[in-house]
Each structure stands twice: as C-alpha cells, then as structure tokens.
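Atoms within each ligand, like the ligands themselves, are counted from 1 in listed order. We use all heavy atoms of the structure for the numbers below, so side chains are in, but hydrogens, waters and symmetry mates are not.
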Amino acid sequence: MTKLLHYVDNAIYAGQSTETAAVFNPSKGEISAEVVLGNAADVDVAVASSKAAWPAWSKMPVLRRVRILDRFKSILWERMDELATVISNEHGKTFEDAKGEVTRGLEVVEFAVGMPHLLKGEFSENVGSSVDSQMIRQSLGVVVGITPFNFPVMVPMWMFPIALATGNTFILKPSGRVPTAALIMAEWLTEAGLPKGVFNVVQGDRDAVNALLNHPDVKAFSFVGSTPVAKYIHETASKNGKRVQALGGAKNHMIIMPDADLDMAANALMGAAFGSAGERCMAISVAVPVTDAVADALIEKLIPKIKALNIGPSLAKTSEMGPLITKEHLEKVSNYIETGVKEGAKLLVDGREFKQSSAGYENGYYIGGSLFDHTKADMVSYLEEIFGPVLSIVRTQSYDEAVDIIHGHEYANGCAIFTRDGDTARAFAQDIEVGMVGVNVPIPVPMAFHSFGGWKASMFGDHHMHGMEGVRFYTRLKTTTIRWPNGQRQDAQFAMPTLG
Ligand code: NAD
C-alpha cells in the first residue's frame, strides 16, 4: 500500500506521527493509498524549515524568484496530463475537467511571473526640503495554505505562486482526501530550482491545522473549504494575531428572465449544476426562473438532458460526470434529496436511481443528476449546501422577487442572470450582494489577474484571492522617509513636523 508522506526541505519527509487515513479512488470505490496525518511535532519541523528559508528567499531578487516559477510553469504545461490523471483518480472529476483545473491554476503562475512589475514601489521626491519618501511591499514570512478536496491543484495555486513570488515561504496543508497532487507540485517546484524549505507540504487534518494556527512563527493563513471550518480558521488565526483570508461554502443562484435565450440558459445550467458532480463552490445549485412560463419551458428542456447525462469512471473518455468524493458524501447527498422530498419539493429527476454497471466500477460513489421543482426558500434542502449534482428550482414571478431570494440566503459566493436586457443586467450586476456575478455566464470564476472571493458567509477576511488582492494579502507596506544631510543645520523640532 502506498503511504503518502509530507514534503520538507525539498524531500519526502516521513514525520513522527504514525496516524494515517485511507485515500480512495472514488470511481472504483476502493482504497488507493494511505496518507499520514501530521501532528504538532511534524508541523514544528516544517515551520522551522520554512522559517530558515525565508531570509534568503525574501532577499533574492524578484526576477530570480519568478524565473523559478517560470520553469515550474513550463513543467506544468509539459506534464499537465500526469497531474490531471492524479486529480481524476483521487477526486473523481473527469480528465478534461481536471485538465481545466490545472490550466486555471497555471494561469495564476503566469500572473505571478509578472511580479517584478507588481512589486514596484512608489517614490516621492521632496516631500519636504531635501526629504524623499518611498513605499514598498515586503513579504510576511512563513504563510500557510489549507485547501479543500474539490480542487487539489487549482486552489493551492490560487495561493502559493503569489505567496512565493512576493518573497514568502509557503506550507501547504492539502485535503487528506486528495494528498498526492501537493507532493507532485512540490517535486516539480524542486526540479524548477526552488531552494530548500521555500515550499513544504504537511499532510493531515484537524491536529495539523491546529498546530499551524497556534504556531508563533506562522504569519498568515489562506483557507478554502466549508463555512464552519472557514469561520473557525478566521476566528482562531485572528485571535492569534495572524493575517487570514478564509473562503467558505456556497449556494449559487441563477436567475432566468423571460427574455433569456432559454436553450443557452438550459445548457449553461447543465454544465454549472452537474459538472464535477456539483462539487464546485461556484456550481449553480438553484435556478430562479422568473414567471411560471419560464420555469415550465426550462424544465421541459432540462429533464431529458439530465436523464441523458453520461455518468461514469472519471478517466473514461465518454464520462460527462464522475462519482462523488466518498461513500459518506454520497450518503449525505442522497439524504438531502430525501429531505427535499419530505419538505414538499417536487422531485422531477431522482439521481438515486442511477446504477453504475461498468465492470470494475460497480462500487464507485456514483449518483445521477437530480432536479427539484417548487423548492421554497425556507427548506433545509435549499438553505444548506448539498455539494452534489442536485439542481433546485425556486419559482418567482418578478425580477425583484428573484433578487430578494438571493439576498435572503446566507451564502453569497457567486450568482448569474440570464437575460437579453441590458438595463436588467446592469441593475443586477450593480445591486446584487454577491461576490462574483455572471451575466449570461453561469460560472463567473474570475481570471488569475482578477480576484476570487464571495461575500457574507462565503468569505471571512478582507482580501480576496489571487490577482492584486493576492499581492496585497501576501505583502505588507513599508513607508520610509529619507533625508540626506546637505549642509543645512537642523535644530531640534518639538512640534509635529509640517511643511509650514
Ligand atoms: P472542509 O472544510 O471539510 O476541509 C477544508 C480543509 O480544512 C481541509 O484541508 C481539511 O483537512 C481541513 N479541515 C477540515 N475540518 C477541519 C477542522 N475541524 N479543523 C481544522 N481543519 C479542518 O472542506 P472540503 O469538504 O474539503 O471542501 C468542500 C467545501 O469547500 C465546500 O463547502 C465548498 O463550497 C468549499 N469550497 C469553497 C471554495 C471557495 O472558493 N469559496 C472553493 C472550493 C471549495
């Protein structure tokens, strides 16, 4: 049985903890490896390594730092299929979807390679007589990324390319369900020339995270995962005086106006609700048609498409949707469907009826796509994040009612409107209280040079991830006021210095 370990000082590190957890191949429903679960002693070793590496790394010319990232980027392009296969095996998303994930992560590396320009400071001459002033951004030190199971490569890459380019050393604590990709990225960074200790990986769960949160030498936390854990990380890291950005769960709505292109909207919903088996924080899980006529027409288009979904092993070329991550998650999603039925929502397509019959994959964690109609805003199956291939329709009779539905939900990660009307689209984009908005775009994930983040219970902290927000998060400002003696006598000044 393969045992997946930590990565410290550019080498695999066995650590001291003997505790392990099983890693599964969800397409087959069988154990593929075991991962070690790090403890406080393992965290101490990783942090000491990262702390020792920081002075030289932070002082290395930024051009040299980004040249290493540039080489890493080339390796990613060359070996993308290898990484995508690992993601597909451990997560269960299709190979093409996994390649898309690697590409979106790689784009952050491309952004980070431009760091010499972004780190240029500001300078003002003669802010006083013979006095100049400069403002620069400096790295924080040892920073930590804690990431979820659903994007084993992209989400870590929202963080570490920018953290490293700005001069920090980085410890990645990946999800224990998908631990291999982190080790591969660490090896490729080493191959690209990254000095020892600049990028370390600590495997583990709650104990490792708590040890990191309480470690005095860790300066900042980037977290992506479920809302209860995001809240806990934000509160604990803040209490311990650390900088923190913590992205949480989601329930994303898509409004379909009567003037929308309904075929376009139906196709968009299929990809956004059922792609990656709904295990995306930007998945659309609630469709909000405006008027019953739109709801009926949309349902007529959706039902045959959902029934025709090609569900199969993640690496099968024909699969449009793979399995869920674990048996427990499959049960959780099935239970939410049952809850929806009991609450009175009308189940039009029941994904629980799906059975995988491909030889060797019968025990995989598969479920078909489900469609609910007449979901109401007070139902548990509406209020909570299901994180599976379940689309609920909440019928509304006006644009204002649809917007009120969105505003009534505690999550505010992403949302979309489908319409041909510019006035409506503009009003929506301006007024909606959600962090990421799509106009005729169902999954409005910002590009690497913009920034990713939700509002309300979908994010805790001030800085969104990547883009300039990432640069701001991983650096702190220093302003230096400079005077050179120019022969003029300076008497002691007791009043606040001003230009007079
Ligand atoms: P999770 O919260 O269970 O785990 C996330 C990370 O936190 C993992 O590394 C895990 O090991 C660690 N962790 C789990 N429980 C912990 C605890 N009690 N104390 C300390 N650390 C703990 O999330 P998940 O199931 O891996 O991922 C799915 C969730 O992530 C969904 O809610 C999804 O919406 C969210 N997500 C959000 C975004 C976003 O950008 N907002 C992106 C991707 C996923």
Side-chain angles (χ1 to χ4, degrees), residues 19 21 23 26 35-40 43 90-93 101 104-105 108 144-159 171-179 181-182 201-214 221-237 244-252 276-285 324-326 328-329 332-333 336 384-388 409-415 434-436 443-446 451-461 463-466 469-470:
E19 217 186 313
V23 180
V35 61
V36 69
L37 300 177
N39 59 20
V43 163
E90 275 183 7
H91 174 280
K93 66 178 72 177
E101 156 171 4
R104 292 304 295 262
V108 185
V144 165
I146 301 165
T147 52
F149 80 82
N150 67 324
F151 284 107
V153 166
M154 184 184 81
V155 168
M157 285 206 215
W158 284 354
M159 306 168 181
I171 298 175
L172 175 60
K173 206 303 288 168
S175 163
R177 297 174 200 159
V178 288
V201 177
V202 174
Q203 307 283 4
D205 209 347
R206 190 183 313 196
D207 289 350
V209 170
N210 282 334
L212 288 162
L213 282 168
N214 292 318
F221 282 85
S222 298
F223 173 88
V224 176
S226 59
T227 285
V229 186
K231 226 171 155 176
Y232 168 73
I233 301 277
H234 183 255
E235 281 168 12
T236 314
V244 55
Q245 50 180 183
L247 277 57
K251 195 88 180 183
N252 304 313
S276 200
E279 291 172 326
R280 288 184 185 138
C281 66
M282 288 294 274
I284 295 287
S285 46
L324 291 173
I325 183 73
T326 56
E328 294 71 36
H329 192 53
K332 189 173 152 196
V333 172
Y336 271 120
E384 296 184 5
E385 182 184 38
I386 299 176
F387 220 55
H409 206 286
E410 68 165 326
Y411 293 125
N413 209 40
C415 67
V434 174
M436 292 171 282
I443 307 185
V445 175
S451 301
F452 186 107
W455 288 10
K456 291 160 69 179
S458 293
M459 197 188 120
F460 305 90
H463 291 285
H464 288 201
M465 286 197 184
H466 63 71
E469 283 284 87

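Of the protein's non-hydrogen atoms, Thr147 O, 3.2 Å is the one closest to atom 8 (C) of ligand 1. When hydrogens are left out, the protein atom nearest atom 24 (P) of ligand 1 is Phe149 CD2, 3.6 Å; that is the closest non-hydrogen contact. Remark: minimum distance from atom 39 (C) of ligand 1 to any protein heavy atom is reached at Cys281 SG, 3.3 Å. Distance from atom 7 (O) of ligand 1 to its nearest protein heavy atom, with residue and atom name: Phe223 CE1, 3.3 Å. Of all protein heavy atoms, the one lying nearest to atom 23 (O) of ligand 1 is Ser226 N, 3.5 Å. For atom 18 (N) of ligand 1, the closest non-hydrogen atom of the protein is Arg206 NE, 3.6 Å. With respect to atom 27 (O) of ligand 1, the closest heavy atom belonging to the protein is Pro148 CB, 3.3 Å. Of the protein's non-hydrogen atoms, Val209 CG2, 3.5 Å is the one closest to atom 21 (N) of ligand 1.
At a 4.0 Å heavy-atom cut-off, ligand 1 does not touch Tyr411 at all. Neither the backbone nor the side chain of Thr227 comes within 4.0 Å of ligand 1, counting heavy atoms alone. Residue contacts with ligand 1, taken as heavy atom pairs separated by less than 4.0 Å, involve Asn413 solely via side-chain atoms from C-beta onward.
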task = Start with the C-alpha distance between Lys93 and Glu101, add both sets of side-chain angles, then the distance that settles salt bridge (charged side-chain N to carboxylate O under 4.0 Å, His left out), and finish with yes or no.
result = CA-CA 10 Å; Lys93 66 178 72 177; Glu101 156 171 4; 2.6 Å; yes
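Of the protein's heavy atoms, none falls inside 4.0 Å of atom 4 (O) of ligand 1.
Each of Val202, Asn210, Val209, Leu213 was scored for a side chain to side chain contact (heavy atoms under 4.5 Å, CB included) with Val43, with one residue passing: Val202. Just one of Cys281, Pro148, Pro156 meets the side chain to side chain contact (heavy atoms under 4.5 Å, CB included) condition when paired with Val224; it is Pro148.
In this structure, CG on Leu247 lies 6.5 Å from CZ on Phe452, to the nearest 0.5 angstrom. Considering NE2 of His464 and CE of Met459, their distance stands at 4.5 Å, rounded to 0.5 Å. The distance from the CE atom of Met159 to the OG atom of Ser222 is 5.0 Å, given to the nearest 0.5 Å.
For ligand 1, the atoms sitting less than 4.0 Å from at least one non-hydrogen atom of Ser175 are 9 (O), numbered in the order shown with element in parentheses. Less than 4.0 angstrom separates some heavy atom of Asn150 from each of these atoms of ligand 1: 43 (C), 44 (C). The contact set between ligand 1 and Ile146, taken as ligand atoms under 4.0 Å from a residue heavy atom, comprises 6 (C), 7 (O), 9 (O). Each of the following atoms of ligand 1 lies closer than 4.0 Å to a heavy atom of Glu385: 31 (C), 32 (O), 33 (C), 34 (O). Residue-ligand proximity, Phe387 to ligand 1, at heavy-atom distances under 4.0 Å covers atoms 28 (C), 31 (C), 33 (C), 34 (O). Those atoms of ligand 1 that come under 4.0 Å of a heavy atom in Arg177, given as number and element, are 25 (O).
Heavy-atom contacts from other residues, nucleotides or ligands closer than 6.0 Å to NZ of Lys231 number 12 or fewer.
Of all heavy-atom pairs spanning His466 and Pro446, the tightest one is CE1-O, 3.8 Å. Heavy-atom minimum distance, Pro444 versus Met282: O-CE, 3.6 Å. Pro174 and Ala182 make their closest contact through CG-CB, 3.7 Å (heavy atoms, listed as atom of the first residue, atom of the second, distance).
With sequence neighbours excluded, no residue forms a ring-ring contact (aromatic ring centres under 6.0 Å, His included) with Phe460. Applying the ring-ring contact (aromatic ring centres under 6.0 Å, His included) rule to Phe151 yields no partners; only residues at least two apart in sequence or on another chain are considered.
Of the N or O atoms in Ser458, none lie within a sub-3.5 Å distance of an N or O in ligand 1. The shortest N or O to N or O distance between Lys173 and ligand 1 is under 3.5 Å. When only interatomic distances are considered, the shortest N/O to N/O separation between Asp205 and ligand 1 falls below 3.5 Å. Distances between N or O atoms of Trp158 and those of ligand 1 include no value under 3.5 Å. Taking distance alone, with nitrogen or oxygen atoms compared against 3.5 Å, Gly225 approaches ligand 1 more closely than that limit.
The pair Lys456-Glu410 fails the salt-bridge criterion, with no side-chain N (NZ, NE, NH1 or NH2) lying under 4.0 Å from an Asp/Glu carboxylate O.
Residue contact check for ligand 1: Gly248 places a non-hydrogen atom closer than 4.0 Å to it.
For the residue pair Glu385 and Tyr411, no side-chain donor N or O sits within less than 3.5 Å of a side-chain acceptor on the partner.
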